[in-house]
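Worksheet: one structure, shown below.
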Amino acid sequence: MPERVLSAMHRASPNIYEGDLIDLTNTLFPDLKRVARTDGHAAIYISNGHGAWEAALRNMVVEGDTILVLCTGRFAAGWADMAKTMGITVETIDFGMQSDADPEVLRQTLEADKSHKIRAVLTVQTDTATSVLNDIPALRKAIDAADHPALFAVDCIASLGCDRFEMDDWGVDVTVAACQKGLMTPAGISFVFANDKALEASKRTRPGSYLNWHDRFFPELYYQRFCGTAPTQHLFGLREALDMIVHEEGVEAVWARHETIASAYWAAITAWGNGGALMANITEESKRSKAVTTVETGDGEAARLRQWTENNAGVTLGIGLGFGAPGSSEYNRRFRIGHMGHQNIPMVMGVIGSIDAGLKALGISHGDGALEEASKVLAAHTGNAKN
Ligand SMILES: *Cc1c(COP(=O)(O)O)cnc(C)c1O
């Protein structure tokens, strides 16, 4: 979270009916669409990611409909659970905790659905528990190969602004995101993007007035954008974050920076594993997210390490989310490194150095040279330009 974003939010509450706030809000939508790479429609909800999940579901399907959810960890499963509470029939395909969704399995499943009762296929781009990266274009091709009309909805809450994502080019109908991960703004607002196909399909749903896409996408009055008071200070924060992402660094450069940083972490993990039990949860690098990396350790080591880095270095490593109940042995064998959003080389080397010191302090077996290997990767990715 950049200081600049926080500072931009630190202001008195503006007029919510006319003036600066209205002008500023109108600048946000084109930039959000630039980040999601879409010419479709965009809505901002006052909610966390779960609110965006619900908004997408309520505008795509109604009670009694069937959807297909591709699970690759914890998050799509959470979206599926929410759909069940709405009376939607949910078919899931579980690809486990170490794999991405297999497009071939998706194709076969859709081909078997001769009556086209599946209204939507839901998945995540990055699963934040397993740190797997799903191949969204390949999944789209599978839907097309089955000649199936289902909407394709993708959760990019962890990955937007980190992993390359091209909503229109990749044929995604609905994208959900939130502000607090790659978009570097304090938690509290979320985003739904929809194309015309999804908008058309939404006409048979009854989402209620608050979540309804129609007023959000085509407001006659400003307040309809938010169905009430705008999330005023958040909008100023988001404006600053989008300035940094879209207008200063550039979306492509932001993706490249995340790739560099992720690669440095992966080099460090490989070095640690060369002499210890540490390893990345996802084996193939091309299937790893550039937003977060899940690491497996020996028994109990991850839990001890998390405590050490938090208490001694002020570095909070992620819990073993989705791998067993808190405190269980599967959970205590895993930690996650978040590398989404406002991340630079000093932060990466600081985190790698902190983990390295923690491994040494705790007597956890590990290979040497993690900082050296990460440094080589950073050097290789950043070139030798003098300025
Ligand atoms: C964080 C996250 C969510 C949930 O977002 P909240 O803001 O906590 O509701 C959903 N999906 C993914 C992939 C996430 O990373």
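Both ligands and their constituent atoms are indexed starting at 1 by order of listing.
- Atom 11 (N) of ligand 1 has Asp155 OD2, 2.7 Å as its closest protein atom, hydrogens excluded (heavy atom only).
- Protein heavy atom in closest approach to atom 9 (O) of ligand 1: His50 ND1, 2.5 Å.
- At least one N or O atom of Gly49, backbone or side chain, sits closer than 3.5 Å to an N or O atom of ligand 1.
- Between His41 and Phe218, the distance separating the two ring centers is shorter than 6.0 angstrom.
- The closest side-chain heavy-atom distance from Ile136 to Val172 is below 4.5 Å.
- Ranking the protein heavy atoms by distance from atom 15 (O) of ligand 1 puts Thr128 OG1, 2.4 Å first.
- Listed by number with element, the atoms of ligand 1 under 4.0 Å from a non-hydrogen atom of Ala158 are 15 (O).
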Show, in sequence, the C-alpha distance, side-chain angles and deciding distance for Asp113 and His148, and conclude whether the side chain to side chain donor-acceptor pair (under 3.5 Å) test is met. CA-CA 8 Å; Asp113 177 35; His148 198 289; 2.7 Å; yes
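- Both the backbone and the side chain of Asn48 come within 4.0 Å of ligand 1, judged by heavy-atom distances.
- Closest heavy-atom approach to atom 7 (O) of ligand 1 among the candidates Gln180, Met340, Lys181, Arg74: Gln180.
- Proximity of Trp53 to ligand 1, defined as any heavy-atom pair under 4.0 Å, is confined to the side chain (atoms from C-beta onward).
- Partner of Asp65 under the salt bridge (Lys or Arg N to Asp or Glu O under 4.0 Å) criterion, out of Arg204, Lys117, Arg206: Arg204 alone.
- Taking the six-membered ring for Trp and the full ring otherwise, Trp53 and His50 have centroids separated by under 6.0 Å.
- Inspection of the Glu220 and Gln224 side chains reveals no N or O donor paired with an N or O acceptor under 3.5 Å.
- Contacts between Thr126 and ligand 1, counted as non-hydrogen atom pairs separated by less than 4.0 Å, involve the backbone only.
- At a cut-off of 3.5 Å, with distance as the only test, no side-chain donor of Asp100 or Asn134 sits close to an acceptor on the other residue.
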